[in-house]
Structure formats: C-alpha cells, structure tokens
Amino acid sequence: MKFETVSVIGLGYIGLPTAAILASRGLNVVGVDVSEKTVATINNGEVHIVEPDLDIVVRAAVATGKLRATNTPEPAHAFMVAVPTPFKGNNHEPDLSYIEAAAKSIAPVLEKGNLVILESTSPVGTTEKLADWLKTARPDLSFPQDAGNSADVKIAHCPERVLPGYVLQELVSNDRVIGGMSEACSERAVELYKIFVKADCIISNARTAEMAKLTENAFRDVNIAFANELSVISDKLKINVWELIRIANRHPRVNILNPGPGVGGHCIAVDPWFIVDSCPEEANIIRQARHTNDSKPVYVIDKISEAADQFKSPVVACLGLAFKADIDDLRESPAVQIVESLIERKVGQVIAVEPNILAHEMPDSLTNAEIPLIGLEAALEIANVVVVLVDHKEFKTADKSLFSTKVVIDSRGII
Ligand code: SAJ
C-alpha cells in the first residue's frame, strides 16, 4: 500500500523539516502541533525556527497545498512522532510525557494498516511503552508486542540524527536506523523512509535503534570531555592544547575532537544521561564525561575573572552566545551560562557579540539578564579582555591584528 497521507506529530527542529521534505516528494502531509501559534505560522507558509533553506521548502509545500498544520490529529497512513524528550524537573530523569500525550492524541484516529514511527530521541524501552499506550487506548486493534508481524498497526523507532544547520541535507543523505518492533514493522518503515532518504536504511530492532542514537551522542560527549580534560591539563603544563591535538591527530588511529567552553545544545548534553538513568551502576565513563563537560564553563569563568582582575575598570567582550558555530540557537549554551555568570559576578562591564542574533530577537530571559549586544568592531575597540566563546565564521575571519593589544581568552582556539 502506498503512503498518500502522512502525519507528523510535533513541528519543531525535526518534525517540521521532515514534514516539509515529505510534502516536497508529493505526499499529503498533515503536521500536528499543540501550539496554535506554530500551526498558524506554518499555515501562513512561514517558519518559527531558523534552519538554512527550511523557509523556502515550507513556503513551497504550503503553497502547493501538500503541507498543512493543525492542532488535532487526523487519520493518515503513517504517523511520525517527533516531540521533545526533556528531563523531568531538575534531575536527569527522562520525561516521556510528550510521547505519551502524542500517543494518546493519535490513538483515536488510528486505523488498521497504519504505521507509527517514533523519531524522538528516547531511552531504551520507550518504543515498547508507546506501543502499550496505543494498545490501551485501542483494544480493538492488534499491535506488534502481541501480534508480531501480523499486527494491524506497525510500530518502529527511527531516531533522528541530523545536525542542526545541515538538517535538510542530512535528512536525505544520512543513513537511517530502522528499529521495527517486528520484521514487518521494519519493512514498512523502510518503505516510508525510502521516499526521501538517499542513503542506506539499516534494519535493526527498536531497543538497539534507541541505544544507537544515545550511543552516537554519548560517544561524541566522551570524546569532547577527553579534549576538554586535555585543555585543562595543557593549561597547567603550559602546552598549547590546539597544537597538541593537531599533532596527536596526525596518528592514523587517533581522532580527538575540539575542546571548548563546554557542551551545549539539546542533544549531546542531554542524551548520555538517558543511558546513565537506565544503567546508573554501569555507565561510569558516560556519567564522568557529562560532569567533565559541565564543569568546563566554570573553568572558563575563573580564567576570565583572573584576566579581568588585571584592570581597574575592565571591559570584557564575549564573542558568541550560540551553543555552537554559525547558528542562532541559544538553548543550553555554555556561552550564555558564562556571560550570565560574569554579569552576576560583576567582573566589569560585560558586552557580547552575536552576529546571528539581533538585539530585539534576544529571548526575554536574556534581555532581563541585560546582556548588551554590540558589533564586533565596536566591541574590540572598547574591550580590555576578549573572550572567544563560539567559533562563528565572522570571528574566524576577523582581522587578527585587532586582538593584538587585548588580553585574549580563546576557548575555541581560533585566534
Ligand atoms: N563541541 C565541542 N567540540 C567539538 C564538537 C562539538 O565542544 O569538537 C560542542 C559544540 O560547540 C556544541 C556541542 O558540542 O556546544 C554539541 O555540538 P555538536 O555539533 O557536536 O552536536 P549537536 O548537538 O548540534 O548535534 C548532535 C549530532 N550528533 C552527533 O554528531 C553524534 C547530530 O547528528 C544529532 O542528530 C543531534 O546531536 C541530535 O539531535 O541528537
């Protein structure tokens, strides 16, 4: 059976690009989101998130009538769930309530022959929970946990693995992990992904697919923690860590990532905790990597305070607020944490440069913290201490002679 109508539940950083790509391939796509504002924005052909070219693809999809957004789920051939999986409160326990709510919202419109995909990054066992929520809500249908290959509704976990900033390319060019709850579930999921994925669809099972996604991000986190630990050791031993890593990486079997001011964003700083939560006794390296990376901003703050102490009325210019280079995303950004702390500690006059964000676009929480945004040249003119927090292209290509009279703390190694 061909997929004619697909419903994407959750129109955020993953759901909206996925919905738009499916629509661009000629499918009828119904995007569902709890936010009325998001639904209205998309139905106007506009986007509420910044991702290269997404605005163009969404505008075209809405104009051709292939993409439509709504608050209430409607019947479809396939449902793709791409809702957040944050932490519960202040501890590192995963909060599956968005997935549960999504399951309960699609259950009434489920039909025999439907495919349900969980794309959200999830702790191991979540796809089975999703299947149980659907089963409880729809006792009239059979599900793979009981009926295996002959289930009325097929269910699979196919985690999103795209890099913010490259989402539209990577959705098409990355290999896709297909974790069906049965062979038939996987086969059906491959049929759906083959509509837009040009790379391989690798078939596994739901639990392995869940763990694969967490493993990829935990691997990167551990590698960055190693680099961050090396940076602190190198500082103490008076070695340039960038040169050190460059040399070590010339070995054919060594590939160390870059140290930085800490690890931000919504994925790498979060997902490893899902492994720790499942196996607290066993996940020691993974937990330690999280602690190492979380402690790096504090180290950088102390270095900046020390540097500022040399001046009577220090002006500290912080270059970059985003969580990584060339994006405007401030979520879980170590740069923001550092700048806020400098202001709170009153280390001097603190100013920030963020070429990807206009002053009036700063989130309210940061406007309240009064982080003054100014241009790079103006900042370099008045600053005594210049801190590189993000390796944005504007900073990499800046005239380095402008930094020569400053005390520079370069957490990204670009100067
Ligand atoms: N970072 C470093 N040093 C490095 C690389 C990154 O300090 O050498 C920092 C960045 O500055 C940033 C954080 O790590 O603060 C995370 O950035 P990232 O580019 O490593 O990853 P994300 O969070 O943007 O996206 C990751 C990707 N995962 C992997 O590369 C294994 C992406 O493919 C996933 O889809 C995404 O997480 C996700 O949604 O889980």
Side-chain angles (χ1 to χ4, degrees), residues 10 12-18 49-52 82-86 94 118-123 157-171 173-177 199 209-232 241-242 245-246 248-249 255-275 286 289-290 292-297 299-300 319-338 356 388-392 395-396 410-414:
Y13 281 83
I14 300 301
L16 183 56
T18 306
I49 48 181
V50 178
E51 181 61 39
V83 295
T85 37
L118 177 62
E119 284 218 0
S120 313
T121 304
S122 304
H157 178 55
C158 306
E160 64 80 11
R161 296 147 84 222
V162 288
L163 196 65
Y166 299 85
V167 169
L168 287 174
Q169 283 116 288
E170 290 205 357
L171 270 178
S173 64
N174 282 5
D175 288 341
R176 196 85 201 196
V177 181
E210 287 161 346
M211 190 61 181
K213 168 61 197 267
L214 304 181
T215 299
E216 290 158 11
N217 281 354
F219 170 79
R220 206 159 159 81
D221 197 44
V222 169
N223 193 331
I224 299 168
F226 181 67
N228 277 333
E229 187 165 301
L230 280 179
S231 76
V232 175
V241 70
W242 309 100
I245 292 176
R246 206 163 42 239
N249 281 351
N255 186 12
I256 306 164
L257 286 170
N258 295 314
V263 168
H266 220 62
C267 313
I268 296 203
V270 175
D271 302 355
W273 287 115
F274 292 179
I275 304 179
I286 296 170
R290 280 284 69 248
T292 301
N293 286 333
D294 276 351
S295 67
K296 192 65 193 291
Y299 183 81
V300 176
L319 307 192
L321 289 175
F323 85 82
K324 66 175 185 175
D326 305 325
I327 59 168
D328 70 337
D329 193 340
L330 304 185
R331 292 181 304 169
E332 326 289 337
S333 172
V336 169
Q337 185 188 337
I338 290 167
N356 298 294
V388 181
L389 294 175
V390 189
D391 43 345
H392 288 315
F395 307 150
K396 285 204 238 172
D410 181 5
S411 75
R412 298 281 183 176
I414 64 169

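As the structure lists them, so they are numbered: ligands from 1, and atoms in each ligand from 1.
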Inset, instruction - Could you find the nearest protein heavy atom to atom 5 (C) of ligand 1 and give me its residue, atom name and distance? - result: R220 NH2, 3.5 Å

Inset, instruction - Would you check if Q169 and L163 make a side-chain contact, meaning some heavy-atom pair closer than 4.5 Å? - result: no

Legend entry - V162, any N or O under 3.5 Å of ligand 1 N or O: yes

Legend entry - Test item: S120 side-chain N/O and S122 main-chain N/O as donor-acceptor pair under 3.5 Å: no

Legend entry - ligand 1 contact by G265, heavy-atom criterion under 4.0 angstrom: no

Inset, instruction - Would you check whether T121 has a nitrogen or oxygen atom less than 3.5 angstrom from a nitrogen or oxygen atom of ligand 1? - result: no

Legend entry - Side chain, backbone, both or neither: the part of K213 lying under 4.0 Å from ligand 1 by heavy atom: side chain

Inset, instruction - Report yes if the side chains of L171 and E160 come closer than 4.5 Å at any heavy-atom pair, otherwise no. - result: no

Legend entry - Close side-chain approach of D329 and K324, heavy atoms under 4.5 Å: no

Inset, instruction - Name the closest protein heavy atom to atom 3 (N) of ligand 1, giving the residue it belongs to and the distance to 0.1 Å. - result: N258 O, 2.7 Å

Legend entry - Backbone of D221 reached by a side-chain donor or acceptor of N293 within 3.5 Å: yes

Inset, instruction - Tell me, yes or no, whether the heavy-atom count around E216 atom CD, taken from other residues, nucleotides or ligands under 6.0 Å, exceeds 12. - result: yes

Legend entry - Side-chain donor/acceptor of E51 to backbone N/O of V167, under 3.5 Å: yes

Inset, instruction - Would you mind checking which non-hydrogen protein atom is closest to atom 11 (O) of ligand 1, with the distance to 0.1 Å? - result: R412 NH1, 2.8 Å

Legend entry - Mode of I14 contact toward ligand 1 - side chain, backbone, both, neither (heavy atoms, under 4.0 Å): neither

Inset, instruction - Heavy-atom contacts with G264 under 4.0 Å: which atoms of ligand 1 show up? List them by number with element. - result: 12 (C), 13 (C), 15 (O), 16 (C)

Legend entry - Atom indices of ligand 1, in the order listed, that fall short of 4.0 Å to a heavy atom of I224: 1 (N), 2 (C), 3 (N), 4 (C), 5 (C), 6 (C), 7 (O), 14 (O)

Legend entry - N/O separation below 3.5 Å, P164 to ligand 1: no

Legend entry - Whether over 12 other heavy atoms sit under 6.0 Å from Y299 OH: yes

Inset, instruction - Have a look at N228, L163, V390 and point out the one with the heavy atom closest to atom 27 (C) of ligand 1. - result: L163

Inset, instruction - List the closest protein heavy-atom neighbour of atom 33 (O) of ligand 1: residue, atom name, distance to the nearest 0.1 Å. - result: R161 O, 2.9 Å

Legend entry - Contact check, side chains of I224 and N258, non-hydrogen atoms, under 4.5 Å: no

Inset, instruction - Please report which non-hydrogen protein atom sits nearest to atom 12 (C) of ligand 1, along with the residue it belongs to and the distance in Å to one decimal place. - result: F323 O, 3.3 Å

Legend entry - Heavy-atom nearest neighbour of atom 23 (O) of ligand 1 within options N217, N174, I268, D329: I268

Legend entry - Atom indices of ligand 1 within 4.0 angstrom of C267 heavy atoms, with elements: 23 (O), 36 (C), 37 (O), 38 (C), 39 (O), 40 (O)

Legend entry - Under-4.0 Å salt bridge between E119 and R176: yes

Inset, instruction - Please could you name the atoms of ligand 1 that D271 approaches to less than 4.0 Å, counting only its heavy atoms? - result: 40 (O)

Legend entry - Check: G260 main-chain N/O paired with S411 side-chain donor or acceptor under 3.5 Å: no

Legend entry - Short N or O distance, E160 and ligand 1, threshold 3.5 Å exclusive: yes

Inset, instruction - For ligand 1, find out whether one of its N or O atoms is nearer than 3.5 Å to an N or O atom of V263. - result: no

Legend entry - Atom indices of ligand 1 within 4.0 angstrom of K324 heavy atoms, with elements: 10 (C), 11 (O), 12 (C), 17 (O), 18 (P), 19 (O), 22 (P), 24 (O)

Inset, instruction - Please check if the side chain of R331 supplies one atom and the backbone of G265 the other of a donor-acceptor pair under 3.5 Å. - result: no

